[in-house]
Amino acid sequence: MTIMAWQPQQEPLGQLSGCLKDSLSGHNKTAQKQAEIMLAQAKSSPDINNYLTYLFSSSHAPPGLNYTPEEYHAVRSAAAVMLKNNIRTGYKTIPPESLALVRQSVPLALQDKNQSIRSYAGNVITEIVNRGGILGWPELLPELLALVGNDTGAVSPEAQEGAMSALGKVCEDNKKMLDKDYQGQRPLAYIIPKLISFTTNEKPRIRSLALASINVFIPQKPQALLVNLDDLLNRLFQLANDTSSDVRRQVCRAFVQIVEIRPDKILPHISGLVDYMIDQQRKIEDEELACDAAEFWLTVGEHNELWKSLGPYLNKIIPVLLESMVYSEEDIAMLEGGGDDADEEDRAEDIKPKFAKTKSARTTANGEEADESGQNGSSYAKLSGMEEDDDDLDEGEIEEFDDDDDGNPEDRWNLRKCSAAALDVFATDFRGPVFETILPYLMTNLKHPEWPYREAAVLALGAVAEGCIDVVTPHLPDLVPYLISLLNDPEPLVRQITCWTLGRYSAWGASLGTPALRAQYFEPMMEGILTKMLDSNKRVQEAGASAFAHLEEKAGATITPYCEPIIRQFVRCFEKYKDRNMFILYDCVQTLAEHVGHGLAQPQLIDLLMPALIHRWHKVSDQSRELFPLLECLSYVATALAESFAPFAQPVFARCITIIHQNLEEYVAAVNNPILDTPDKDFLVTSLDLLSAIIQALDEKQSAALVSGSQPRLFGLLQFCMEDPENDVRQSSYALLGDCAKYVFPQLEPFLATLLPILIQQLDLDSIIDEQIETGFSVVNNACWSAGEISIQHGKSMAPYAEQLLHRFLEILGNPEVPKSVLENAAIALGRLGLENSGILAPHLASFSEPFLKSINSVEYTLEKATAFKGFTLIIISNPQAMEKDLGRLFTAIARYKMEEAFKLPLTADLQQLFQHTLDLYKSLIPEFSAFISSQISAADVNNLRTIYNL
């Protein structure tokens with residue numbers, strides 16, 4: 001169908017354009033709602049995308065439509081957004097002739113005089129490529145490149161820029177697709193040299209967009225880029241002093257990225273680059289440029305091969321970092337006047353919680369909870385939300401509440417934070433010399449009469465806390481009391497940063513050797529920060545709470561004697577805090593629970609803490625995002641209190657079941673009706689985790705009663721969660737499944753016929769998506785762990801699943817991409833499967849003995865290892881000949897095995913006897929056994945076997 005062949009009908013065109021205009025009508029909510037309903041219905045019309053394309057690509061209102069230029073612009077914008085969304089959600093259902101029309105017409109809009117229309121055209125083009133692939137529109141890339149390059153000599157400046165912007169979006173969204181081999185050709189081999197040539201264009205916007213597109217590819221090191229790297233470097237040096245700050249910003253970004261992929265190309269130019277980046281960082285009138293330049297110090301400072309090269313230039317770089325850490329006049333204007341606001345309610349947009357922490361996998365194979373280093377203690381950590389624009393929004397689309405994004409300099413990644421982070425990295429790299437360089441600055445500025453300089457000096461002192469601790473320590477007996485006095489500074493921002501810096505030095509205070517020293521320094525430090533948690537300013541409260549959570553982490557169990565005054569202050573905070581700070585308060589409570597552990601289970605402490613938590617529990621609705629941190633906090637508290645949590649368990653358990661049920665129902669409804677919002681899966685994750693914590697905390701009888709009494713039934717809900725599309729949900733689901741196997745197996749057993757096939761499916765590595773590989777492996781890790789726990793309990797009844805499970809475990813153990821912890825958990829699960837099913841696994845022993853022994857080798861000598869080794873030994877006894885190639889590895893493992901843990905559990909108490917039996921078996925099978933064993937393993941291991949097993 002050509003553009004001319006299809007023509008719109010007047011009536012539907014008029015109705016559709018009216019609805020599109022009304023859908024953006026912010027002031028008339030009724031018209032807006034009505035328009036949205038009609039547009040949702042119009043979606044099903046076979047010609048809808050033709051009409052949208054026609055409206056969007058016509059630069060003037062078609063005959064018969066009477067709109068002002070502003071109104072018609074709104075119609076076109078709404079048509080573009082709806083067209084893009086239709087392509088995104090229903091590409092495969094769009095008729096081929098409609099798609100042909102879209103492909104022909106939309107590029108016309110790249111030449112539009114209006115920049116936002118050109119931008120929308122780029123969004124639609126990118127969406128088509130995302131859904132249909134490069135080969136679905138083979139003429140697109142040559143067409144865009146020809147427009148940008150002005151091959152005909154007749155392309156308008158607007159069309160060149162529109163095409164370059166569209167090309168940039170296609171590059172950004174299809175990094176991998178463009179580097180694939182299509183019949184011996186890779187699109188990138190053609191695109192990269194073109195992009196490099198476009199950086200010479202006379203228009204600054206095209207130069208900066210071309211460089212930005214190149215920067216998209218640098219991190220993945222495509223061959224097409226590496227062969228052109230010298231050309232690119234030459235261009236970067238030529239563009240380094242470009243008149244456009246946007247171009248210089250992309251130049252800085254390019255150098256930063258090249259550091260990561262080819263440090264050898266950067267090293268010869270380091271002296272010139274240091275001067276260049278210092279020069280760009282001092283251009284503080286363009287903060288984004290200055291910040292991109294400052295990223296260079298961070299990246300080089302963290303690079304193993306390059307950081308030393310900055311040593312000779314520290315005395316040049318550090319003064320610039322210190323200058324950049326002082327609040328700018330603009331920031332001060334935004335931040336001042338925060339004063340005593342503790343009693344003011346938070347606005348909705350102030351409450352942007354950090355959601356349920358991304359948990360590490362359920363356990364490491366060593367049976368410990370995997371490490372979760374929180375963000376406490378980093379005033380400038382580049383939180384995921386701060387890095388780049390929201391991924392789901394395209395240029396030209398508007399996010400609600402967008403107006404407040406830059407409102408507070410504290411909430412975004414900026415030059416000050418980047419400079420402080422770089423100073424932190426230098427302190428870790430170079431240690432003493434960094435502190436010596438900043439000491440004169442600290443002496444001048446810590447007591448500076450103007451607060452911005454005082455504040456920046458305290459920030460600098462905090463930034464070097466970890467790297468320079470050895471050289472700072474002699475000064476701390478003077479510095480800490482002064483910092484504690486600054487907690488009462490009249491300026492809230494000074495109080496705020498002082499909390500953070502004191503938190504960074506709390507490890508020093510906690511480690512002081514005598515009660516007298518702790519009373520002199522650590523207790524005032526702790527009391528000072530604790531007091532600031534109830535400052536008259538909300539930002540100071542937040543900094544106090546965050547610093548206190550950091551102090552709890554550093555002090556560990558040594559904080560136990562102070563629990564009562566700490567909890568009393570937390571309870572006051574629960575009474576006084578507004579919504580935003582409540583989130584960090586939960587973090588304080590859970591960090592205390594985590595580090596004090598069962599020390600929290602004293603009646604007077606429970607009577608103080610639990611009423612405050614239960615009061616919040618009743619106050620927070622099932623739809624509130626405050627539930628995430630509250631549920632997470634309760635998980636830690638339940639674990640710490642153990643059986644003392646019993647009086648609170650039933651209503652908490654029942655509500656978690658309700659929340660899970662509700663969330664699953666809302667999800668099903670949203671799948672069946674696109675107008676409905678998809679529910680937030682963090683409700684599922686935090687509820688599943690809390691159920692796990694409760695089941696572990698209570699005695700088995702109490703846990704069993706809760707599980708049996710749940711309405712709807714827990715395992716019916718768990719089945720849906722185990723098949724949820726979100727990795728985080730499945731990760732928590734398999735953690736809960738394993739805990740149920742461990743603690744409430746009789747309740748779980750009737751459901752295993754349904755749940756085990758789902759688990760086996762989850763162990764398929766092909767189901768992991770490249771983009772989510774890390775969280776995908778965490779799911780597989782927990783699935784392996786739960787399979788092992790079920791095998792112990794289910795025993796011989798695992799027989800129907802044994803061969804399928806073995807097949808999955810072998811795939812995991814044989815895959816070089818799989819992380820170590822997953823290999824360990826797969827080996828443990830395989831060994832445990834052998835406990836009662838050795839006869840089924842024995843014929844396959846030769847195929848898994850080597851990967852099993854290699855993977856289990858790095859696991860510490862826990863009960864988990866003992867159960868796995870017992871199962872493996874039983875398999876060997878059923879088929880000893882299969883171990884022919886791996887006897888050396890087996891005898892080494894037996895010789896080095898530390899039995900202490902194994903003796904603690906009836907199940908593994910006979911492990912040493914089984915090892916003895918295995919060795920005796922081989923002794924009877926192998927002639928000249930003594931000589932054989934000496935030829936296979938080290939003399940020390942032979943000695944161990946002789947001593948322990950009387951060989």
Under 3.5 Å donor-acceptor, Tyr734 side chain and Asn781 backbone: no
When you measure from the side chain of Ser733 to the backbone N and O of Cys721, does any donor-acceptor pair fall under 3.5 Å? yes
Between Lys865 and Glu901, does at least one N-O distance fall below 4.0 Å, as a salt bridge requires? no
Set of side-chain hydrogen bond (donor to acceptor under 3.5 Å, both in side chains) partners for Glu900, sequence neighbours left out: none
Taking side chain as C-beta onward, heavy atoms only, is Pro629 less than 4.5 Å from Asp587? no
So, using ring pair (Phe, Tyr, Trp, His ring centres under 6.0 Å) as the criterion, who are the partners of Phe809 when residues are at least two apart? none
Taking the side chain from Tyr577 and the backbone from Glu542, do they hold a donor-acceptor pair closer than 3.5 Å? no
Ion pair check, Lys681 and Asp728, cut-off under 4.0 Å: no
Flag, side chain of Asn672 to backbone of Val668, donor-acceptor distance under 3.5 Å: yes
Examine distances only and state if a side-chain atom of Ser791 and a backbone atom of Ala787 form a donor-acceptor pair shorter than 3.5 Å. yes
Test item: Met533 and Leu585 side chains (from C-beta on) under 4.5 Å apart, heavy atoms: yes
Ion pair Glu789/Arg832, N-O distance below 4.0 Å: yes
Within the distance-only criterion (no hydrogens, no angle test), does the side chain of His598 pair as donor or acceptor with the backbone N or O of Ala640 below 3.5 angstrom? yes
Do Gln762 and Met722 have side-chain heavy atoms sitting under 4.5 Å apart? no
